[in-house]
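Protein chains get the first letters and strands the later ones, always in sequence-line order, with residue 1 at the start of each.
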Number of protein chains: 2
Amino acid sequence: MDTALDGAVRVFCERGYHATSIGDLTAAMRLATGSVYKAFRDKHAVFLAAFERYAALRGEQTRAAAARGENGRERLRNVLLSYVEHSQGLEGRRGCIVVGSAVELSAVDPVIRARVTAQLMTNEKFIAGLIREGQADGSIPAHVEADDTARLMICMTQGLRVVGKARLPLDGERLAGVAMKLLA
Amino acid sequence: MDTALDGAVRVFCERGYHATSIGDLTAAMRLATGSVYKAFRDKHAVFLAAFERYAALRGEQTRAAAARGENGRERLRNVLLSYVEHSQGLEGRRGCIVVGSAVELSAVDPVIRARVTAQLMTNEKFIAGLIREGQADGSIPAHVEADDTARLMICMTQGLRVVGKARLPLDGERLAGVAMKLLA
DNA sequence: TTGATTAGGAAACAATCATTCCCTATTATG
DNA sequence: CATAATAGGGAATGATTGTTTCCTAATCAA
């Protein structure tokens, strides 16, 4: 089931919702048409399930990146670096299903829009938390506005996925280095 | 012709390429099916023309925002503020056709991907130019890396459109204030 | 082993899509 | 004024879409 969903994630990330036909889905999930409709009510339900799987997987990866830091500042830096890496290469070209949903569906699908905003809020809270951790351990100045900075960083990360999908090269060290100025 | 294209821009921004049917297009352009196909070869050509019109209009607005600044730093700040404003409210909900094209089409349509990357490069060069102007007039420190900073700012602006489309509130003064730290 | 239940697959379905064709006004030209 | 030329509109057309239905094969219980 999860491996089938991974296929759905892949094709939905790459082509988005509307450009992905049931034929594309069955090929990517290695399932026949009838089997897909046995497991899910309709295409929309497959997409929602793929979204959940994507969010869970990416959440793990981001938390793992943060865990590799000794203090708040380093954890945040690792998270930013991780975002840049995931915005590049094959995965970058493939794209992010959260960004794709926000851009393609949030104007016409309230259910998905709510899920997208919830995800963005979760990610933003996570970053704001890292900033506050850094302020508590002394690695980030106390005068930094955690919420505003976190929101701007969310914009950066989402934008990285857009730019990465357009295949512009992204240098993790350089970009993260510049972005860390926001914590001055 | 331009007013018809404005309608196409509106509906393509809001729903993207694939979710916009010819019926949606004819309604937005106030033209019948046959008339659209008299003026354009196919749907793809309409989209490309709408992209060009959007890019021209937004380019004007951005240059106008920059013109209202006394030095490089202020011009850049006005550009960032302008981006935040355009990412909010009705226009923010509607979305950016460049971001939409990058996310929805750049993986499967080389023509549009090339147009998108060209637009991103143009915008990035414009911002890098403003940074260098600021360094020349003394409003921005010379040690700022113009190209890296410009690329990160492009990510920010594209991300603003993603977040704005998901309808998260964006405070221009606060976000621009934080972003200006990148010029320290 | 037999019978029942379920997972999986392929063809058929109605609806919608982009596109073409043809007709009607309207404008411009001689 | 008459006529050629064009812009615009709407119905018809294949192709493709998402979905349903029916059939086969496999799995588990008794």
For residues 177-184 of chain A, tabulate all N or O donor-acceptor pairs below 3.5 Å that involve a side-chain atom, not counting sequence neighbours.
| from | atom 1 | to | atom 2 | distance (Å) |
| --- | --- | --- | --- | --- |
| K181(A) | NZ | L182(B) | O | 3.2 |
| K181(A) | NZ | A184(B) | O | 3.2 |

What residues form a side chain to side chain donor-acceptor pair (under 3.5 Å) with D148(A), not counting sequence neighbours?
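Per chain and number, D148(A) pairs via side chain to side chain donor-acceptor pair (under 3.5 Å) with R174(B).
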
With sequence neighbours excluded, residues passing side chain to side chain contact (heavy atoms under 4.5 Å, CB included) with T117(A)
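Counting only residues at least two positions away or on another chain, T117(A) forms a side chain to side chain contact (heavy atoms under 4.5 Å, CB included) with R113(A), A166(B), L168(B).
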
With heavy-atom distances below 4.5 Å as the criterion, would you say the side chains of R30(A) and T3(A) are in contact?
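In short, these two side chains do not touch, never coming nearer than 4.5 Å.
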
Nearest-angstrom distance from the residue atom CE of M29(B) to P of dG9(D)
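These atoms are roughly 11 Å apart.
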
Review item, side-chain donor-acceptor pairs of residues 90-112 of chain B, under 3.5 Å, at least two apart:
| from | atom 1 | to | atom 2 | distance (Å) |
| --- | --- | --- | --- | --- |
| E91(B) | OE1 | H86(B) | ND1 | 2.8 |
| E91(B) | OE2 | H86(B) | ND1 | 2.7 |
| S101(B) | OG | I97(B) | O | 2.6 |
| E104(B) | OE1 | Y17(B) | N | 2.9 |
| E104(B) | OE2 | Y17(B) | N | 3.4 |
| E104(B) | OE2 | H18(B) | N | 3.0 |
| E104(B) | OE2 | H18(B) | ND1 | 3.2 |
| S106(B) | OG | K165(A) | O | 3.2 |
| S106(B) | OG | A102(B) | O | 2.5 |
| D109(B) | OD1 | V111(B) | N | 3.1 |
| D109(B) | OD1 | I112(B) | N | 3.2 |
| D109(B) | OD2 | H44(B) | NE2 | 2.6 |

Where the side chain of D137(A) meets the backbone of G72(A), is there a donor-acceptor pair that is under 3.5 Å apart?
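Confirmed, D137(A) side chain pairs with G72(A) backbone.
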
If you apply the rule side-chain contact (heavy atoms from CB on, under 4.5 Å), what do you find for V163(A) with Q158(B), and how did you get there?
CA-CA 8 Å; V163(A) 172; Q158(B) 303 304 100; 4.3 Å; yes

State the CG-CG distance between L160(A) and L80(A), to the nearest 0.5 angstrom.
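It is 8.5 Å, given to the nearest 0.5 Å.
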
Each nucleotide of nucleotides 11-25 of chain D classed B (base within 4.0 Å of a protein heavy atom), S (only sugar-phosphate) or -, in 5' to 3' order, makes -------SBBB----

5' to 3' contact window, DNA chain C with chain A (heavy-atom distance under 4.0 Å)
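Endpoints of the contacted stretch of DNA chain C: dG8(C) to dA10(C).
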
